[in-house]
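Here's the structure we're looking at; comments come further down.
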Amino acid sequence: MYCVKQITQDIYWVGGSDRRLALFENVYPIPNGVSYNAYLVLDEQTVLFDTVDRSVSEIFFENLEHLLNGRALDYLVVNHMEPDHCATMAELVLRYPSVKIVTNAKALNMIKNYFTFDIDSRVTLVKEKDTLTTGRHTFAFVMAPMVHWPEVMVSYDVTDKVLFSADAFGTFGALNGNLFADELNFETEYLDDARRYYTNIVGKYGTQVQTLLKKAADLEIAYICPLHGPVWRKDIGWFIEKYQLWSSYTPEEDGVIVAYASVYGHTENVANIIASKLADAGVRNVKMYDVSVTHPSYIVSEAFRVSHIVFASTTYNAGIFVNMENALHDLVAHNIQNRTIAIVENGSWAPTAGGLMRELLGRLKNTTILENTLTVKSSLKDAQMAELDELVSAIVETLPRPEVIEHKPSEAVEPNAMFKFSYGLFVLTAKDGDKDNGCIINTAAQLTDNPKRVTIAVNKANYTHDMILKTGVFNLSVLTTEAPFDIFRYYGFQSGREVNKFPGSGFPRSKNGLIFITGCVNAFISGKVVESHDYGTHTLFVADVTEAQVLGSQPSVTYAYYFDHIKPKPPKPAEQKTGWVCKICGYVYEGEELPADFICPLCKHGAADFEKLK
């Protein structure tokens, strides 16, 4: 039974996924499977972009038959001749004998190498910037040699701004119903596979990828359709930036991985101590890998990610331990550059691994190998701790340190100046399980129009904050100038941890299942979080707008309007008292001095939002 996915009004995904294959290209572990993508365009003339691996041929042909619905297949565009994308070409020709094959001269030679059908009578050869018009669509062809085979080209749909990118921008991982990258938690669940795919499959050819990226920079791209992995229609620039880093051999982050080879645990012990001391020195997110149980493809991928690498190996047969040697050869073969490397060797009677590792890694371009190799004989002793500390210090000293900017007295911030910003006021609602909650926030703004995206800043003390952090969805109800102080008191001055702010079931809900407010509100907006950033007291959530409705025409309330017209003025005391008043909610603290760490018991704002009673 067919299983197709629509991309645009007349472009469809017709590929399949393989979750049984253990090793991609018979070498790379793919525990999450892999997809083989092909794309069909139903224009006045029909066009298929590439075919698929034999493992998914049955579903592929069912997809084609369903969508063509009796129509002929007019063109097959061959962007890449690797068998996982062309294995079904001969059968395709048998099923659709009138199909014309559009490709380049290098690919034509490969077709003749792989197949015996008559290609010369049906081939249309294209060169750089040649075009093919099929009705509504015009396709332009761009050569991309050695990304990652010599015959590779990419195809660009001038009409819908779609880049059919061959193996570029692909990733390991089967498709599990969701076709588009923005439908996935890509950064947390797919990025590691995307990096491992690029670095191991294409990583050696950074110069060629850079050439392709320069060509792509001149194109307006609305969709990227790769031959593996999800289709991109949002945040395309973010993923291209990853390719810019990987193909220029620039580390994604300043960090350290420790890869070690150990037989009886003594070298592993040294690696653990080094990692621990790096952490003590303030290095975050140190990662450790035992090369005997970690496939080299993961080591290569991690080496592309970070700036610093520690290799620790025991000596074996007067050489480098075999699994470490394999990993290092793989790393050198993938042309990694611009890294800082530290070396640790072990050997009970003749440690030689360090010198051999240094010689092998010395082939890498623009790479610093720290001079002080740590040599261990059998096991680490107290007498060597100073030497180990020196190695750790050498690593830390070569890591960039963030510049600390101190505010000088002349640059002091006057707290009241911050209130000159124009803020709105909103009821922010969320839901966790059966529990609904809401709070007042004043920091929400539209970030982009295409895609429609908003940002909200939420105090970590709020229960609603924790719900959004967990569920990733929220509603924002925009309050108007008609809102009474009771709304702010109800949603802002009590905690949902202690009271139920939404008793009963008479509250309207949006399509995401969350409550929104209708009284004294002129609109509500539903958001799905795509990024979150920790800023100490607050979390900044970036969210795609999934629904939005106008509910009224009354002006939105601003922070200034709230202070001038809604918030009650503090009553004058019967007798003169000394104290401090909260500028947010009016709470009065009695006393000559306000503690620097005082938190308002009503609105949870700190001492900076209090002013002295006058």
Side-chain angles (χ1 to χ4, degrees), residues 251 253-296 298-303 305-332 336 339-362 364 367-401:
E253 59 184 271
D254 295 314
V256 184
I257 65 167
V258 181
Y260 64 89
S262 187
V263 179
Y264 296 109
H266 301 99
T267 308
E268 180 182 16
N269 174 246
V270 177
N272 278 322
I273 294 171
I274 289 174
S276 181
K277 286 182 174 287
L278 286 169
D280 292 342
V283 180
R284 294 173 55 85
N285 200 32
V286 179
K287 297 287 188 180
M288 298 184 64
Y289 297 96
D290 183 338
V291 298
S292 293
V293 295
T294 306
H295 191 273
Y298 292 90
I299 307 296
V300 170
S301 178
E302 283 291 83
R305 181 178 64 85
V306 299
S307 57
H308 288 60
I309 312 166
V310 178
F311 288 115
S313 178
T314 188
T315 300
Y316 199 77
N317 287 335
I320 307 168
F321 187 76
V322 58
N323 292 323
M324 176 63 79
E325 188 172 22
N326 287 343
L328 294 180
H329 275 294
D330 217 8
L331 192 64
V332 171
I336 188 77
R339 297 302 189 270
T340 298
I341 296 174
I343 292 175
V344 177
E345 65 176 355
N346 194 352
S348 293
W349 60 89
T352 58
L356 295 171
M357 287 195 290
R358 185 177 294 273
E359 180 183 354
L360 183 57
L361 294 168
L364 301 178
T367 294
T368 300
I369 303 177
L370 298 178
E371 293 183 2
N372 36 341
T373 297
L374 175 63
T375 299
V376 176
K377 290 192 173 181
S378 298
S379 63
L380 189 69
K381 302 298 190 295
D382 282 339
Q384 288 188 281
M385 290 305 292
E387 189 179 355
L388 185 146
D389 288 339
E390 287 180 7
L391 180 64
V392 170
S393 296
I395 296 168
V396 172
E397 287 171 4
T398 57
L399 282 165
R401 298 182 182 181

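Just the heavy atoms: all of them, side chains too, but no hydrogens, waters or symmetry mates, feed the values below.
The backbone N or O of Gly255 sits nowhere less than 3.5 Å from a side-chain atom of Arg284 that would complete a donor-acceptor pair. Not one N or O on the side chain of Glu390 forms a donor-acceptor pair closer than 3.5 Å with the backbone of Leu374. Formation of a donor-acceptor pair under 3.5 Å by the Thr340 side chain with backbone atoms of Thr368 is not found in this model. Between the side chain of Thr398 and the backbone N or O of Ile395, at least one donor-acceptor pair lies under 3.5 Å. Between the side chain of Asp290 and the backbone N or O of Ser292, at least one donor-acceptor pair lies under 3.5 Å. Side chain of Thr315 to main chain of Asn346: a donor-acceptor pair is present (N/O by atom type, distance under 3.5 Å, no hydrogens or angles). Side-chain atoms of Arg339 come within 3.5 Å of backbone N or O of Ala303 as a donor-acceptor pair.
Within the 4.5 Å cutoff, the side chain of Val332 has heavy atoms near those of the Leu364 side chain. Between Met385 and Lys277 there is a side-chain heavy-atom pair separated by less than 4.5 Å. Between Met357 and Ile341 there is no side-chain heavy-atom pair separated by less than 4.5 Å. Side-chain contact check for Leu388 versus Ile273: some heavy-atom pair is nearer than 4.5 Å. Looking at heavy atoms from C-beta onward, Phe311 lies out of side-chain contact with Leu360 at the 4.5 angstrom threshold. Annotation: side chain of Leu361 is not in contact with side chain of Thr367 (no heavy-atom distance under 4.5 Å). Thr267 places none of its side-chain heavy atoms less than 4.5 Å from the side chain of Val376.
A 6.0 Å sphere centred on OH of Tyr316 holds no more than 12 heavy atoms belonging to other residues, nucleotides or ligands. Around the CD atom of Glu253, the shell of radius 6.0 Å holds more than 12 heavy atoms that belong to other residues, nucleotides or ligands. Counting heavy atoms of neighbouring residues, nucleotides and ligands inside a 6.0 Å radius, atom CD of Glu387 exceeds 12 of them.
From Asn272, atom CG reaches atom CE of Met288 across 4.0 Å, with rounding to the nearest 0.5 Å. The CG atom of Leu356 sits 9.5 Å away from the OG atom of Ser313 when rounded to the nearest 0.5 Å. Distance check: Ile343 CD1 to Thr373 OG1 gives 5.0 Å after rounding to the nearest 0.5 Å.
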Before giving the answer on side-chain hydrogen bond (donor to acceptor under 3.5 Å, both in side chains), spell out for Ser379 and Lys381 the whole-Å C-alpha distance, their side-chain angles and the decisive distance to 0.1 Å. CA-CA 6 Å; Ser379 63; Lys381 302 298 190 295; 2.7 Å; yes

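Here the rule is side chain to side chain contact (heavy atoms under 4.5 Å, CB included) with Ser276, and of Ile274, Asp280, Leu278 only Asp280 fits it.
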